[in-house]
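Structure, as structure tokens:
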Amino acid sequence: MSWFELNEEKFHHCCQLILQQSEQLSDGWIWEVVQGSKEGYLRKTALRSVTIDSKSVQKQKGSSLDPEPHTSYHSSVEQQGQEDEQPDCIKDDIDDEDAGICMMTANSSQVLQFEYHILYSCSYSSPVLYFRAFTLEGRSLTLEEVWNSVHPNFRLCLQNSPLDTITQQEHPLLGQPFFVLHPCRTKDFMRPVLQAAQDQHRPVNYVLSWLSVVGPVVGLDVPLKYSTQLHPAASLSSTEPD
Amino acid sequence: MQNLAVQRLTEVVMASDIGAAAVADLKLQFAPFSSALEAGFWHQLTQKKLNDYRLDESPKCIKGYYYNGDPVGLPTRLNLEFSAFDVDGPTPARCSPAAGTLYNTNTLDSFKTIDKKALLEKEAKEIWDAVQSGAAWKDPSSLCRFILLTFADLKKYHFYYWFCFPALCFPDGIKLVQPPSLLQHAFSAKQMAALQEAYDGLCMKEGTSAVPYFLMKYTDDTAQLAPLGDWEAFVTDTKKVTVGVYDPCTLSQHPGWPLRNVLVLLANQWGSRVDTVEVLCFRDRTLQGSRSIQHSIIFQVKLPELPNSSVCPKSVGWEKNKKGAMGPRMVNLSECMDPKRLAASSVDLNLKLMRWRLVPSLDLDKVVSTKCLLLGAGTLGCNVARTLMGWGVRHITFVDNAKISYSNPVRQPLYEFEDCLGGGKSKAMAAVDRLTKIFPGVNAEGYNMSIPMPGHPVNFSQTTLSQAQKDVEQLEKLISEHDVVFLLMDTRESRWLPTVIAASKRKLVVNAALGFDTFVVMRHGLKKPPVTQSVSTAADSSPSCSSASSSSSTPAGSAPSVPGSSLFSNIPGHKLGCYFCNDVVAPGDSTRDRTLDQQCTVSRPGLAMIAGALAVEMMVSILQHSEGGYAVASSSEDRMNEPPTSLGLVPHQVTHRISSGSNVTPGASLIEVQCCSCSPIVLDHYEREGFSFLSKVFNSSHSFLEDLTGLTLLHQETQAAEIWDMSDDESI
Ligand SMILES: [Zn+2]
């Protein structure tokens, strides 16, 4: 049964393969090394334009467990706050009369930045997905806001998913707050995947298979080409017992 | 050179003669950069401000980057992430770097008053110097610069900021000769393939994954690219020169900002000698593994003359705020940076995890919003408080009159050695301090007061009497203000008054008491609202029921009896007894250990932790029951049935004996009609006479209550019961 386990060495090997494929597919995964340490993690950022559903944000605020009203990134709330504290405009000393600027039209959608990290957890012997989402100003979204940025049809199905065990934790390497898909169920859903691969003598990249299951829960796409591109020779043949 | 300047001047005059209206719609317009800050950037700025910069306001070098592979619809961004402060660090693959200058002010006032125009002009001058010296030809990335003005309010975690992307301007703009068109309309597939290959070749040659500016020559089936600096050797035909720019914009009619300064560079050097400049805005995106450059745009401009090459041209570049006005932005990051807020949201999320994972119907709000009054801040009080915190309970109030002694900290997890010094701090106050340290989001209060007890006279003087009255009033007020009262004292008598008050006010009471190696945790029966209460209790409760208790129920571990067979099945919450109603020993436990050391006054250390934890868990289960304190008492037999709450059984009481290894045994007891504490006659007297009745109880010997209710003496019961109220403070 040991091949169901993912040790750190295997994890790094799997990550290397993903990086190679990502490079070919320009999928944006990079290996980030923590300064002054040999530890690192896979990292990817993605931008998404989100239409703000103000009603659902309001509705979510009923529960006292949800942090105070400041939870809301509802634009009107935020702007009100800003108007009070915003330093005065400094129009007088800035001349922006320039015909060369193309006027950008504001639309109702907001661009959100998503950041995904894949780390190895020694305690669970499995990969762990850390993520956060923030506005272009760099303000991290609360979990409720992240859910609200997901299309309502998906939201319900995601919240009932057995994978939605999301908590907030300090990033073990960066010390900044991130959301974490809790790894406690990882082995449960990986076992059949690995078993099937073994039965069919099919090579499998543990981290990639895992990512294709958990990624979509938090809006992270894993292009199909990763798996079609997976060449037996280049892949980690974790199906073969050592 | 002078001739050249004169010549240019005349051309400017000639150009301005052309009708302004006709030219206006043919002028080139650039899409400005939008600043895009990653959460990590602010974290890093905070660290820098705290550890490196401190009060240093001098400009700092930082680094941003932009990307030409965005899908349509995204704004043209200049990104700053946590690595922005590591100027020598790598730029993300396929991204082009931009050098920046950070001005972090120490006050909001200097943020507001700093001369923005001067900052822009200073930066523009540097770009202009690079243009004039020719340095920009060798390092064209120096043309793409930015300024970031910040003020970090680290008390509120408010960050004020304003970006500027300096661009040198031609006084009359840039005339479009041929409007932008998509590359796929201008180039054949073969040409695009050749261009893509040539670009990759150039990147490889330059040792980078993104070349910001390049020169280009092409035929019907070939494309040749060269670095900007190779102009002299590469450009042979000055009639039309093609310049490529790595373009972060996704608009089909406009180039992005990085083109601006390179056009100034070209105009300054070659202005009059080049007829037309063809601009390729190179956009290179990969979607689902498929790469394409066909959405790049291409157009032609007439390079304008710069009026006077020795004077830095006018510059623009301060970013508009979200409202489209010329002004700075503010972002409030307290939620993700204020440790107290982080603690609060993490605690909540942690609890939600329990709901998501294991108990989907768990109503956490009911638990979290419960106001808990802890009477006693000793071993039990400390453990109850910690468990309540674990459940996310925010409102916790302690009542205790003791001071922390040297023997306490090892058993009472809210206190430390230091708390014992100088006579010891008040337990109630020290407990509040510690809770706040453990979790600043808690709303804790402490009351250093004693609870008057039966048989402990308060009538020594007018002062003691009025003090007792004040204490009673305070206790009544506190019980009214809370939802659940925990009785966690170390004397039996001190539980009497709060039991009476809470019964009268219909407040849920959870009682925990310790023996040497056994404990009881129970909920008091919750009486029905006053109108119907007295009649029904009297009719329903029969004394024989309670006396039968110890013999009728099954010992733990034996086969469950037929459901409903026990006299203790289905006792509704309003008929359940209180701590004083009868023996508090569980009905199932008939094998009493008579060899206990009757002299021992200290309980086994692990007991309070178990009992304290169980008391809280019992409260949570009760809260989850749809009927709350009126819930029917679960018995051992109910273990086989569908549990009444998402968290399982809601027993009346649980007892545990460590020495015999017996499990926690649920049991139930009926209300005692003659109870000295919760019987109608006692409540009736309390409600009618108030303190005058209470003071009689305090001042008289036990016989007063005995006479009133006809019950055995409190103190005798204490002797008989296996549960003592044990104090950790008592020395023998
Ligand atoms: Zn009673």
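Below, chain A is the first sequence line, B the second, and so on; all start at residue 1.
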Looking only at heavy atoms, the pair that brings A:Leu25 and B:Thr286 closest together is O-CG2, 3.0 Å
*asked:* Would you say that B:Ser290 contacts A:Lys225 through its side chain, given a criterion of any heavy-atom pair below 4.5 Å between the two side chains?
replied: yes
**Item:** CA sep, side-chain torsions, deciding dist, call: A:Leu174, B:His43, side-chain contact (heavy atoms from CB on, under 4.5 Å)
**Value:** CA-CA 10 Å; A:Leu174 299 181; B:His43 285 275; over 6 Å; no
Interatomic distance, OG1@A:Thr45 vs CG@B:Asn79, rounded to 0.5 Å, equals 7.5 Å
Smallest heavy-atom separation, B:Arg77 atom then A:Leu136 atom, equals CD-CD2, 3.9 Å
Note: vs chain B, highest number of non-hydrogen pairs under 4.5 angstrom among A:Ser140, A:Gly175, A:Ala133, A:Gly138 is A:Gly138
Assess whether salt bridge (Lys or Arg N to Asp or Glu O under 4.0 Å) is satisfied between B:Glu335 and A:Arg139, documenting all intermediate values.
CA-CA 9 Å; B:Glu335 204 146 332; A:Arg139 190 181 67 80; 5.1 Å; no
With chain A, the option among B:Arg291, B:Glu81, B:Glu38 that has the most non-hydrogen atom pairs under 4.5 Å is B:Glu38
All heavy atoms of B:Gly40 vs all of A:Gln176, minimum pair found to be CA-OE1, 3.7 Å
When the 4.5 angstrom heavy-atom criterion is applied to B:Asp109 and chain A, the contacting part is neither
Applying a strict 4.5 Å limit to non-hydrogen atoms, the region of B:Phe151 in contact with chain A is neither
If one checks every heavy atom of B:Gln253 against chain A at 4.5 Å, the contacting part turns out to be neither
Contact between B:Ser345 and A:Thr142 at the side-chain level, heavy atoms closer than 4.5 Å - yes or no? no
Bottom line for B:Asp70: the part with an atom under 4.5 Å from chain A's heavy atoms is neither
The reported gap from CG in B:Asp284 to OG in A:Ser26 (rounded to nearest 0.5 angstrom) is 7.5 Å
Okay, B:Phe159 and chain A: the region with an atom under 4.5 Å from a heavy atom over there is neither
Cut-off 4.5 Å, heavy atoms of chain B, and the answer for A:Glu170 is neither
Any chance you could lay out the side-chain contact (heavy atoms from CB on, under 4.5 Å) test for B:Lys322 and A:Glu137, step after step, and finish with the verdict? CA-CA 10 Å; B:Lys322 286 211 301 204; A:Glu137 298 169 315; 3.7 Å; yes
Self-check item: Min side-chain heavy-atom separation B:Lys320-A:Ile101 under 4.5 Å
Solution: no
Turns out that what part of A:Glu115 lies under 4.5 Å from chain B's heavy atoms comes down to side chain
Honestly, the part of B:Arg94 sitting under 4.5 Å from a heavy atom of chain A is side chain
side-chain contact (heavy atoms from CB on, under 4.5 Å) evaluation trace for B:Leu74 with A:Ser49 | CA-CA 7 Å; B:Leu74 291 180; A:Ser49 194; 4.3 Å; yes
